[in-house]
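What follows is one structure encoded as structure tokens, with my remarks underneath.
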Amino acid sequence: ESNAECAANDDCCSGLFCITSTSKCVCFPGDALVQVQGKDNPVRMDQLKQGDYILTQSGKYSEVYTFDQRSDEIMGEFYQFRPATGHTLELSEFHQVMVDSKGGVYAMNVKVGDELLLQPSDGTTLIKSIKKIRKKGVYNPLTKDGMIVVNGIAASNTNKAPAMTALGKQLLSIHEVKYLLLAPSRFLCDLSSSFCEHNEDEGLYYDVVMIMIGVGLVVMKKQVHAKV
């Protein structure tokens with residue numbers, strides 16, 4: 001499936017190589033704010049660059065090694081959370097946000113009354129309202145530690161993935177599984193920055209990475225079944 005076809009497809013993960021041009025998978029709008037190391041003021045997501053170091057849930061700065069999605073043209077659909085503190089957050093339905101006592105939760109599954117984790121204060125903020133909105137532009141920077149702080153609220157870089165379970169017991173969370181599956185992409189980026197350059201038209205980097213992720217998922221499943 002081509003990227004052009006993917007852009008018009010509502011299914012987040014409809015094709016193996018189709019992850020750069022979907023509006024519903026995992027992204028933030030361009031006006032979302034992150035804290036970049038060395039900058040006095042927050043930086044808009046659409047101005048963030050590969051190689052920037054941004055604040056993450058750990059309270060430390062982690063390198064943006066590539067962008068999972070980066071498009072000024074795609075019309076994104078976002079869940080808008082309005083917490084009591086005014087830290088408004090907007091993100092797509094399969095993006096995970098950190099909820100107190102629950103860990104990573106898909107935006108579509110967050111409820112009014114849930115408490116989102118803040119950073120750098122390490123406190124929480126209660127969600128007062130949730131609504132769906134549409135904005136032009138979708139972005140998802142990938143950091144080395146797999147986390148990100150957007151508008152002061154902790155979130156994950158990872159998108160739709162299965163949790164790893166055995167005998168009804170969760171072995172790895174959705175975030176942990178996807179972070180492990182993205183290890184090949186971090187490895188390639190460490191080898192050469194050219195692998196990390198986001199090219200929405202060609203998408204060669206993503207083709208290679210998605211093949212490696214598929215292989216990794218098969219291996220992980222076999223290892224889990226072997227232990228059961």
Side-chain angles (χ1 to χ4, degrees), residues 12-13 19-20 22 25-28 32-37 43 45 48-70 79 89-110 116-120 122 138-165 170-191 193 195-198 205-206 208-217 219-220 223-224:
C12 167
C13 299
I19 64 172
T20 60
T22 167
C25 194
V26 49
C27 49
F28 299 99
L33 299 175
V34 296
Q35 188 62 50
V36 177
Q37 190 173 38
V43 175
M45 193 73 69
L48 195 61
K49 302 184 298 295
Q50 178 188 338
D52 283 342
Y53 281 75
I54 61 176
L55 184 67
T56 68
Q57 187 186 6
S58 66
K60 299 179 180 179
Y61 289 86
S62 183
E63 182 184 0
V64 175
Y65 66 91
T66 191
F67 284 79
D68 184 16
Q69 294 187 69
R70 188 175 188 176
Y79 280 77
L89 178 66
E90 297 165 351
L91 69 173
S92 53
E93 60 182 351
F94 285 113
H95 207 123
Q96 293 182 74
V97 64
M98 298 297 114
V99 177
D100 189 35
S101 76
K102 295 182 181 180
V105 178
Y106 287 141
M108 62 185 294
N109 294 329
V110 174
L116 304 181
L117 298 184
L118 299 176
Q119 183 57 254
D122 290 326
V138 294
Y139 306 86
N140 187 39
L142 298 183
T143 60
K144 289 288 184 69
D145 75 356
M147 301 297 294
I148 189 172
V149 172
V150 179
N151 293 1
I153 298 175
S156 169
N157 294 154
T158 60
N159 58 353
K160 192 173 183 181
M164 190 67 70
T165 60
Q170 181 171 296
L171 302 178
L172 295 173
S173 68
I174 293 171
H175 169 74
E176 291 169 331
V177 169
K178 196 57 184 284
Y179 183 73
L180 288 174
L181 292 177
L182 285 173
S185 69
R186 295 190 294 274
F187 173 73
L188 287 176
C189 290
D190 284 339
L191 287 179
S193 61
F195 283 115
C196 305
E197 295 174 358
H198 185 278
Y205 159 74
Y206 293 98
V208 174
V209 170
M210 294 316 297
I211 291 172
M212 296 177 74
I213 286 176
V215 172
L217 184 58
V219 172
M220 289 177 65
Q223 289 177 341
V224 170

Query - Heavy-atom side-chain contact between L55 and Q119 under 4.5 Å - result: yes
**Report entry** Side chain proximity check, I148 to P141, heavy atoms < 4.5 angstrom
**Finding:** yes
Query raised in the report: In chain order, what residues pass the side chain to side chain contact (heavy atoms under 4.5 Å, CB included) check against L118, with sequence neighbours excluded?
Result: H87, S121, T125, I153
Report task. Can you sort out the partners of Q57 under side chain to side chain contact (heavy atoms under 4.5 Å, CB included), two or more places apart, ordered by chain and number? Result -> M98, L117, M147, A154
Query - Partner residues of Y53 under the side chain to side chain contact (heavy atoms under 4.5 Å, CB included) criterion, sequence neighbours left out - result: Q37, Y61, E63
Report task. Starting from the C-alpha separation in whole Å, work towards a yes-or-no answer on ring pair (Phe, Tyr, Trp, His ring centres under 6.0 Å) for F28 and H95. Result -> CA-CA 9 Å; F28 299 99; H95 207 123; 4.3 Å; yes
Query raised in the report: Under a 4.5 Å cut-off applied to non-hydrogen side-chain atoms, are V97 and V110 in contact?
Result: yes
Query raised in the report: Once you round to the nearest 0.5 Å, how far does OH of Y139 lie from CD of Q69?
Result: 11.0 Å
Report task. With sequence neighbours left out, write down each residue that passes side-chain hydrogen bond (donor to acceptor under 3.5 Å, both in side chains) with S62, or none if nothing qualifies. Result -> none
Report summary line: For S58 and D145 the tightest heavy-atom approach is OG-OD2, 3.9 Å
Requested in this report: Give the intermediate values and the outcome of side chain to side chain contact (heavy atoms under 4.5 Å, CB included) for residues M45 and L33.
Outcome: CA-CA 6 Å; M45 193 73 69; L33 299 175; over 6 Å; no
Query raised in the report: Is the backbone of K49 close enough, under 3.5 Å, to the side chain of D52 for a donor and an acceptor to pair up by distance?
Result: yes
Requested in this report: Could you tell me the separation between the CG atom of N157 and the OG1 atom of T143, rounded to the nearest 0.5 Å?
Outcome: 4.0 Å
Query raised in the report: Does K102 have any side chain to side chain contact (heavy atoms under 4.5 Å, CB included) partners at least two apart in sequence or in another chain, and if so, which?
Result: V99, V105, D114
Report summary line: Looking only at heavy atoms, the pair that brings C27 and S92 closest together is N-OG, 2.7 Å
Report task. Could you walk me through whether L48 and V36 pass side chain to side chain contact (heavy atoms under 4.5 Å, CB included), step by step? Result -> CA-CA 8 Å; L48 195 61; V36 177; 3.7 Å; yes
Query - side chain to side chain contact (heavy atoms under 4.5 Å, CB included) assessment of V150 paired with L89 - result: CA-CA 7 Å; V150 179; L89 178 66; 3.8 Å; yes
Report task. Measure the shortest side-chain to side-chain distance between M108 and Y79 over non-hydrogen atoms and say whether it is less than 4.5 angstrom. Result -> yes
